[in-house]
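Data block below; observations after.
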Amino acid sequence: MADKALTLRVEQLQAAALSPRTQQAYATGCKRYKEFCRKYCIAPFPTTQLTLCYFAAYLSRQVQYPTVRLYIAAVRSQQLSRGMEDPLKEPQQLNLIMKGLNKQAKTRTRLPISPPLLRTLVHTVLRMRHMEKHDRHLYATAICLAYFGCLRAGELSYPSTHSYHHNKHLTMSDISIHNNTVHLWLKQSKTDQARKGATIIIGPGNADICPVHITKLFLHFRRHARASDA
């Protein structure tokens with residue numbers, strides 16, 4: 001049997017294969033699974049397809065269908081990482097349960113952000129007088145860059161101050177203006193697990209929601225705010 005250091009290294013490499021968000025979601029899924037097992041006096045591992053069917057039924061009244069699928073994937077991943085047999089080698093029974101769950105799921109309609117809606121969002125934020133001018137332009141810039149740069153929320157923001165790290169998340173040095181275009185340096189993204197980074201170039205648009213103009217205003221007010229704090 002391998003020693004503790006080698007076992008730890010194997011676990012680190014397995015974890016590195018998943019994005020931080022997926023790792024966090026999997027950790028939550030495994031936690032919910034262990035709670036389920038304790039409640040019904042079931043040994044968590046090795047799990048079986050039948051146990052996962054009961055787990056899916058248990059979750060069905062608590063979370064949405066996509067979350068059920070995610071949590072089951074988390075338990076499967078945990079079992080495989082322990083060197084145990086794949087519980088979903090022949091997943092016919094679970095597939096049937098998931099199909100029924102999907103049919104009963106309440107669908108949420110997410111409307112796309114259209115240019116008129118974007119304009120409303122930006123103008124509403126800029127009119128929020130209870131906020132500092134710097135903050136109003138910060139949020140307006142974030143909205144425009146997310147829209148015109150086709151960015152995911154995790155590429156432009158982070159869950160909390162405790163999870164922020166300058167080597168992973170966006171900083172002011174990652175935003176610049178060149179030849180009337182915004183250059184946004186993304187250190188990592190969901191599709192860039194190797195963290196090679198990529199530059200997103202955003203050109204000008206309509207005058208009132210032009211991402212270049214709005215970003216320039218934000219950078220101006222930020223410099224002014226920092227100068228006044230000095």
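Fair warning: this is a prediction, and the values are worked out from it, not measured in the lab.
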Residues 117-132 vs side-chain hydrogen bond (donor to acceptor under 3.5 Å, both in side chains), sequence neighbours excluded, gives Arg119-Asp208
Contacts satisfying salt bridge (charged side-chain N to carboxylate O under 4.0 Å, His left out) that involve residues 150-178 (not counting sequence neighbours) are Arg152-Glu155, Asp174-Lys187
- request: Only pairs at least two apart or in different chains count here, so list each salt bridge (charged side-chain N to carboxylate O under 4.0 Å, His left out) that has a residue in residues 52-75.
  value: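 For residues 52-75: none.
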[X] versus [Y]: any side-chain heavy-atom pair under 4.5 Å?
X      : Y      : value
Thr199 : Leu186 : no
Val182 : Leu145 : yes
Ile42  : Phe36  : yes

Checklist entry - If you link I, L, V, M, F, W and Y whenever their side-chain heavy atoms are under 4.5 Å apart, who else ends up in the same group as Tyr158? => result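 The other cluster members (ILVMFWY side chains, heavy atoms under 4.5 Å, direct or chained) are Tyr164.
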In Å and rounded to the nearest 0.5 Å, what is the [atom1] to [atom2] distance from [X] to [Y]?
X      : Y      : atom1 : atom2 : answer
Leu88  : Asn95  : CG    : CG    : 8.0 Å
Ile214 : Ile143 : CD1   : CD1   : 9.0 Å
Ile97  : Leu52  : CD1   : CG    : 11.0 Å
Gln93  : Cys53  : CD    : SG    : 4.0 Å
Ser60  : Leu101 : OG    : CG    : 6.0 Å
Tyr65  : Lys103 : OH    : NZ    : 11.5 Å

side-chain hydrogen bond (donor to acceptor under 3.5 Å, both in side chains) partners for [X], two or more places apart:
X     : value
Thr48 : Thr51
Arg32 : Gln62
Tyr33 : Thr47

Aromatic contact between Tyr54 and Tyr58, with the criterion being ring centroids under 6.0 Å apart: yes or no?
no
Any donor and acceptor pair, going by atom type alone, linking the side chain of [X] with main-chain N or O of [Y] inside 3.5 Å?
X      : Y      : answer
Gln79  : Glu85  : yes
Ser77  : Ala73  : no
Gln49  : Leu94  : yes
Ser157 : Gly154 : no
Thr181 : Ile177 : no

Shared ILVMFWY cluster between [X] and [Y], side chains joined below 4.5 angstrom?
X      : Y      : result
Leu80  : Leu70  : no
Ile209 : Ile201 : no
Trp185 : Ile200 : no
Ile72  : Val63  : yes
Leu96  : Phe55  : no

Can His169 and Thr171 be counted as having a side-chain donor-acceptor contact under 3.5 angstrom?
no
Just checking, any donor-acceptor pair under 3.5 angstrom between side chains of His213 and Thr215? no
Which heavy atom of [X] sits nearest a heavy atom of [Y], and at what distance?
X      : Y      : result
Met172 : Leu219 : CE-CD2, 3.4 Å
Gly29  : Tyr71  : CA-CD2, 3.3 Å
His137 : Thr141 : O-OG1, 2.7 Å
Arg76  : Pro87  : CG-CD, 4.3 Å
Cys144 : Val122 : SG-CG2, 3.7 Å
Cys37  : Pro44  : SG-CA, 3.7 Å

Residues in side-chain contact (heavy atoms from CB on, under 4.5 Å) with Lys34, at least two apart?
->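 side-chain contact (heavy atoms from CB on, under 4.5 Å) check on Lys34 returns Arg38.
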Those residues at least two apart in sequence (or on a different chain) that pass side-chain contact (heavy atoms from CB on, under 4.5 Å) with Arg82 are Phe45, Gln78, Met84
| Quick one: ring pair (Phe, Tyr, Trp, His ring centres under 6.0 Å) partners of His134, sequence neighbours excluded? |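 Per chain and number, His134 pairs via ring pair (Phe, Tyr, Trp, His ring centres under 6.0 Å) with Phe218.
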Those residues at least two apart in sequence (or on a different chain) that pass ring pair (Phe, Tyr, Trp, His ring centres under 6.0 Å) with His220 are none
Determine whether Tyr139 and Met128 satisfy the following criterion, side-chain contact (heavy atoms from CB on, under 4.5 Å), listing intermediate values before the conclusion.
CA-CA 11 Å; Tyr139 288 116; Met128 291 181 174; over 6 Å; no
Check your understanding: Quick check: are there more than 12 heavy atoms from other residues, nucleotides or ligands sitting under 6.0 Å from CD of Glu35?
Key -> yes
- request: Answer yes or no: does atom CG of Asn167 have more than 12 heavy-atom neighbours from other residues, nucleotides or ligands under 6.0 Å?
  value: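 It does: Asn167 CG has more than 12 such atoms within range.
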Sorted by chain and residue number, the salt bridge (Lys or Arg N to Asp or Glu O under 4.0 Å) partners of Asp135 (sequence neighbours excluded) come out as none
